Structure formats: structure tokens, C-alpha cells
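What follows is a set of notes on a single structure, which appears directly below.
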Amino acid sequence: MIQYFTDYLDILADLHSEMIKAVRHLPAEALDWVPYADGNSPSVLIVHTAGAEKFWLGDVVANKQSGRDRPAEFRAKNVAVAVLEKKLSESLGYAELVVGELGLDDLAGIRHDPRDGQEVTVAWALNHVLEHTALHLGHIQVTRDFWNERK
């Protein structure tokens, strides 16, 4: 595999690992806790992140329907850490399949967001996955810190 893509997958794996590290020792009720109105729980954020990754890598980059149910991601509740970890592991496995098929010339390729037809490059979509995952990692870490401080 081209080094760029190996590095990309390593970064994505590290983000996933940090997500699980942030929630691994939280009690079950903390996984569903929302720190403010209209916020999202750590469980929702992880389920949503895995769904978004599969959407951008599958539906957009690989042009393969993922069957994603985005609204359901935001209803996630009572999900064990082991299940959350499995969702991220499956998402990483899917990323490895999609990214493993790419070459450097593919980065400039044009893809379309099936929701609205917006044109994006493969590079943009890949970078967006990392950006979005890192953003939600930060949300999870802050939520965990708020949870720990409220006691």
C-alpha cells in the first residue's frame, strides 16, 4: 500500500482508539449522558462517527450504497462499550478495503455526495472523514470530562 494511505489509516485507527479510551471506564449511564440540551451522548457520537465514515468512504468515495440510517445513529442508547468498539473496528476494516483500492492519482477524482449532488474530490472526502472523526473525539472527551466533574 502507498505510504500516504498507510499513514491515513494509522491516523484513523488512532482516533478510534482514543474514542474507546475516552469511554472505556465510564459507567453505562455516562455513555448515554448528554451534557446540555441538543447535545449528543458519547454512544451517539461513536455510532454516528462510524456511520459517517462508512457513508463518506463507501457511498461517496467507492460509490457503493451503505444503507446508512443517519437518524437512527442519533437514537443510539444502551450500547455497551464492546459494541461501540466493534462498530469502530468494522468502520476501520471498511476504510482499509476502500482506501486499499486507491492510488495517488485517485485523490483528484471527482465524486458526488448522493444526498445533494455536491462535487467533492476523493482527497476532500478522505480528509473530511479524519476531520469529522477528530471533531467527535473531542466532543466525547469533553463530555467525559464534564461527566467526571459533575460527581
Side-chain angles (χ1 to χ4, degrees), residues 1-26 30-35 38-145:
M1 183 180 296
I2 296 168
Q3 189 63 47
Y4 170 81
F5 296 114
T6 300
D7 293 345
Y8 178 89
L9 291 168
D10 286 347
I11 292 168
L12 189 61
D14 288 345
L15 292 169
H16 287 185
S17 177
E18 289 300 313
M19 282 185 169
I20 294 305
K21 182 178 163 185
V23 300
R24 181 169 282 128
H25 299 294
L26 289 175
L31 295 174
D32 291 331
W33 183 70
V34 177
D38 297 324
N40 294 300
S41 70
S43 289
V44 162
L45 291 166
I46 291 173
V47 170
H48 168 65
T49 295
E53 289 175 2
K54 193 160 188 185
F55 171 79
W56 283 103
L57 294 168
D59 295 59
V60 177
V61 172
N63 196 29
K64 294 180 182 175
Q65 295 294 321
S66 67
R68 180 186 188 198
D69 183 355
R70 188 177 188 275
E73 296 164 13
F74 292 93
R75 294 189 301 270
K77 216 168 180 53
N78 300 317
V79 182
V81 171
V83 173
L84 296 172
E85 191 167 9
K86 184 175 186 229
K87 286 188 177 295
L88 290 175
S89 177
E90 289 170 352
S91 182
L92 183 61
Y94 188 69
E96 290 168 349
L97 290 174
V98 172
V99 171
E101 294 291 319
L102 297 174
L104 292 176
D105 291 342
D106 294 314
L107 293 173
I110 300 296
R111 301 294 191 267
H112 295 89
D113 182 333
R115 299 170 300 183
D116 60 11
Q118 175 188 1
E119 281 190 359
V120 299
T121 63
V122 169
W124 186 94
L126 292 175
N127 289 335
H128 182 66
V129 167
L130 293 180
E131 171 191 43
H132 184 259
T133 300
L135 174 70
H136 287 320
L137 167 60
H139 292 150
I140 292 164
Q141 291 168 327
V142 168
T143 300
R144 177 210 51 213
D145 291 348

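Everything quoted here is computed from the prediction, not taken from an experiment.
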So, the side chain of [X] versus the backbone of [Y]: is there a donor-acceptor pair under 3.5 Å, distance only?
| X | Y | answer |
| --- | --- | --- |
| Tyr4 | Leu104 | no |
| Ser43 | Leu31 | yes |
| Thr143 | His139 | yes |
| Arg111 | Val122 | no |

Hydrogens and angles aside, do Asn127 and Glu131 bring a side-chain donor and acceptor to less than 3.5 Å of each other?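 No, because no side-chain N or O of Asn127 sits under 3.5 Å from a partner of the opposite role on Glu131.
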Calculate, to the nearest 0.5 Å, the distance between atoms [atom1] and [atom2] belonging to [X] and [Y] respectively.
| X | Y | atom1 | atom2 | result |
| --- | --- | --- | --- | --- |
| Leu26 | Arg144 | CG | CZ | 7.5 Å |
| Leu84 | Met19 | CG | CE | 10.5 Å |
| Thr6 | Ile11 | OG1 | CD1 | 11.0 Å |
| Asp10 | Leu15 | CG | CG | 11.0 Å |
| Asp14 | Leu130 | CG | CG | 10.5 Å |
| Ile2 | Leu102 | CD1 | CG | 8.5 Å |

Is the ring pair His132/His136 parallel, tilted or perpendicular, if the boundaries are 30 and 60 degrees?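 His132 vs His136 ring planes: perpendicular.
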Where [X] and [Y] come nearest, the two heavy atoms and their spacing:
| X | Y | value |
| --- | --- | --- |
| Ala30 | Pro42 | O-CD, 3.6 Å |
| Val81 | Arg24 | CG1-CA, 4.2 Å |
| Leu57 | Ala95 | CD1-CB, 3.4 Å |
| Tyr94 | Gly58 | OH-CA, 3.2 Å |
| Asn40 | Val34 | N-CG1, 4.0 Å |
| Glu73 | Val44 | O-CG1, 3.7 Å |

Within the structure provided, determine whether [X] and [Y] are in side-chain contact (heavy-atom separation under 4.5 Å).
| X | Y | value |
| --- | --- | --- |
| Leu107 | Thr121 | no |
| Val60 | Phe55 | yes |
| Gln141 | Glu18 | yes |
| Val61 | Val129 | no |

Take Glu53 and Leu12, measure what side chain to side chain contact (heavy atoms under 4.5 Å, CB included) needs, and give me the verdict at the end. CA-CA 10 Å; Glu53 289 175 2; Leu12 189 61; 3.4 Å; yes
How about [atom1] on [X], more than 12 heavy atoms from neighbouring residues, nucleotides or ligands closer than 6.0 Å, or not?
| X | atom1 | result |
| --- | --- | --- |
| Asn63 | CG | no |
| Asp69 | CG | yes |
| Asp116 | CG | yes |

Could you list the residues that satisfy salt bridge (Lys or Arg N to Asp or Glu O under 4.0 Å) with Arg115, not counting sequence neighbours?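 Partners of Arg115 by the salt bridge (Lys or Arg N to Asp or Glu O under 4.0 Å) criterion, ordered by chain and then number, come out as Asp113.
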Is any side-chain N of the basic residue among Lys54 and Glu90 closer than 4.0 Å to the acidic one's carboxylate O?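 No, no charged N to carboxylate O under 4.0 Å.
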One pair to check against side chain to side chain contact (heavy atoms under 4.5 Å, CB included): His16 and Thr133. What are the steps and the verdict? CA-CA 8 Å; His16 287 185; Thr133 300; 4.2 Å; yes
